[in-house]
J.: 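Let me begin by handing over the structure; questions about it come next.
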Amino acid sequence: MTVTLSNPQDLPRVDVYHQVAVATGTRQVFVAGQVSWDADGTTVGVGDLAAQVEQSYANVATALRHAGASTDDVVRLTVYAVDWTPDKMPALLDGLARAARRTGSTATPPATLIGVAALDVPEHLVEIEATAVVGEPASAPAAARPETCPESRPEFFATPGYGDRQLERMGYSQAVRIGDRVEISGQGGWDDDFVFPASLEDEIVRAFDNVERTLATAGATWADVVHVNSYHVPETPGFIGETHNRVMVEQMRARTGGRAPVWTETGVPALGAPGMRVEIRVTAIV
């Protein structure tokens, strides 16, 4: 097994997930947020949270299987639920139990539940995103298997301009690189004075620019990006909005050169600055 799950004594035990996962594999698998659709893109379980949780998790399992992984290899799950309230927990747990029976999974990796304002279309009630770590297939040629590397020290970077200001004022960096992996803080559509454009389209484009600037500090580019999370203040209640979706797709296609990384798009009630409407964070493998 490449993933070991545990519950530290000083943290509470939760039946449906563990608090810690330790992964020793060499291949990382990122699964885009999965919603309750079938192979034709038709929503399953309209209006039924439990049914949508079941289908979404089953889609995660399908995506993992096609990458040579399984739910036993998952090190992190993130569940986004629209208009979350505690009374919805029984339906969510019922859906997860049904999915476990359907997929034969007994995995309980670390998980985060986030209540959101909207997802990609109004009928979707839940979206599930997963990260897994697996070993190289035994059949892989020796030359294709990465050599075991000593642990790399994390290197932190501040984007010149606004990143320097945030490091001084708020004490956080914009990017970290560990070996060939780069993670960045969420980037908004601000300029170096933290002023946002009036146009939503311009704000999204500038957020993509800021992701590019931040990746460059760590020696990466959009062409290295494997995983995108975007957070949006919806244009209308219950729907992230046509402008958000259109410009995000246009920019993803233009910036990644056709690589098409995995992507999870989430509607939220608010972001970190007044008037801010979009935030983008990415993971890159250089």
Side-chain angles (χ1 to χ4, degrees), residues 30-49 51-53 55-56 59-60 63 78-84 114-129 184-191 194-214 222 225-283:
F30 302 91
V31 177
Q34 296 299 308
V35 292
S36 182
W37 47 26
D38 61 16
D40 296 321
T42 302
T43 299
V44 175
V46 174
D48 185 337
L49 178 59
Q52 291 205 18
V53 170
Q55 183 66 34
S56 299
N59 289 341
V60 168
T78 306
V79 179
Y80 303 94
V82 174
D83 294 331
W84 177 258
I114 300 174
V116 299
L119 292 170
D120 57 334
V121 295
E123 60 262 30
H124 288 158
L125 304 177
V126 68
E127 186 163 354
I128 303 177
E129 179 184 276
I184 71 167
S185 297
Q187 302 296 305
W190 48 63
D191 63 14
F194 286 95
V195 175
F196 294 88
S199 159
L200 173 58
E201 181 165 350
D202 290 344
E203 183 177 342
I204 296 171
V205 171
R206 190 180 289 171
F208 271 83
D209 289 341
N210 288 338
V211 169
E212 190 166 309
R213 291 173 62 185
T214 299
W222 266 106
V225 169
V226 296
H227 189 188
V228 178
N229 284 100
S230 62
Y231 305 93
H232 307 261
V233 176
E235 295 177 63
T236 58
F239 178 40
I240 286 175
E242 186 277 333
T243 302
H244 282 287
N245 291 341
R246 174 180 58 79
V247 182
M248 286 294 300
V249 170
E250 289 172 356
Q251 290 296 306
M252 292 266 282
R253 285 176 170 162
R255 307 274 181 152
T256 62
R259 188 176 191 183
V262 299
W263 173 30
T264 301
E265 181 188 37
T266 308
V268 297
L271 290 167
M276 184 174 171
R277 293 165 290 185
V278 65
E279 185 166 352
I280 303 171
R281 66 164 301 279
V282 304
T283 299

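Basis for what follows: all heavy atoms, side chains included, without hydrogens, waters or symmetry-related copies.
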J.: Between Thr42 and Asp38 (side chain of the first, backbone of the second, donor and acceptor by atom type, cut-off under 3.5 Å), is there such a pair?
T.: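 Not confirmed, Thr42 side chain does not pair with Asp38 backbone.
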J.: According to side-chain contact (heavy atoms from CB on, under 4.5 Å), who are the partners of Asp83, at least two apart in sequence or on a separate chain?
T.: Lys88
J.: For Phe239, what residues pass the ring-ring contact (aromatic ring centres under 6.0 Å, His included) criterion, not counting sequence neighbours?
T.: none
J.: Going by ring-ring contact (aromatic ring centres under 6.0 Å, His included), name the residues that satisfy it together with Phe208, two or more places apart in sequence or in a different chain.
T.: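 So Phe208 forms a ring-ring contact (aromatic ring centres under 6.0 Å, His included) with Trp222.
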J.: Would you please name every residue forming a side-chain contact (heavy atoms from CB on, under 4.5 Å) with Ala270, sequence neighbours left out?
T.: none
J.: Let me check something: any side-chain donor-acceptor pairs from residues 116-126 under 3.5 Å, sequence neighbours excluded? List them with distances.
T.:
{"unit_1": "Asp120", "atom_1": "OD1", "unit_2": "His124", "atom_2": "ND1", "d": "2.7"}
{"unit_1": "His124", "atom_1": "NE2", "unit_2": "Thr43", "atom_2": "OG1", "d": "3.1"}

J.: Quick one: salt bridge (charged side-chain N to carboxylate O under 4.0 Å, His left out) pairs with a partner in residues 233-243, sequence neighbours left out?
T.: Glu242-Arg246
J.: Go through the structure and list residues passing salt bridge (charged side-chain N to carboxylate O under 4.0 Å, His left out) with Arg255, not counting sequence neighbours.
T.: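 Counting only residues at least two positions away or on another chain, Arg255 forms a salt bridge (charged side-chain N to carboxylate O under 4.0 Å, His left out) with Asp209, Glu212.
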J.: With sequence neighbours excluded, what pairs up with Asn59 under the side-chain contact (heavy atoms from CB on, under 4.5 Å) test?
T.: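 For Asn59 the side-chain contact (heavy atoms from CB on, under 4.5 Å) partners, ignoring immediate neighbours, are Gln34, Trp37, Gln55.
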J.: If you look at every heavy atom in Asp202 and Pro197, which pair is closest and at what distance?
T.: CB-CB, 3.7 Å
J.: Who are the ring-ring contact (aromatic ring centres under 6.0 Å, His included) partners of Trp84, not counting sequence neighbours?
T.: none
J.: What salt bridge (charged side-chain N to carboxylate O under 4.0 Å, His left out) pairs are there with at least one residue in residues 262-274, not counting sequence neighbours?
T.: none
J.: Got a sec, which residues hit side-chain contact (heavy atoms from CB on, under 4.5 Å) with Arg213, two or more places apart in sequence or on another chain?
T.: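 Applying side-chain contact (heavy atoms from CB on, under 4.5 Å) to Arg213 gives Thr159, Tyr162, Asp192, Asn210.
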J.: Among residues at least two apart in sequence or on other chains, which ones pass salt bridge (charged side-chain N to carboxylate O under 4.0 Å, His left out) with Glu279?
T.: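 Listed in chain order: nothing, the list is empty.
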J.: Would you name the heavy atoms of Thr266 and Ile240 that are closest together and state the gap between them?
T.: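 For Thr266 and Ile240, the tightest heavy-atom pair comes out as C-CD1, 3.9 Å.
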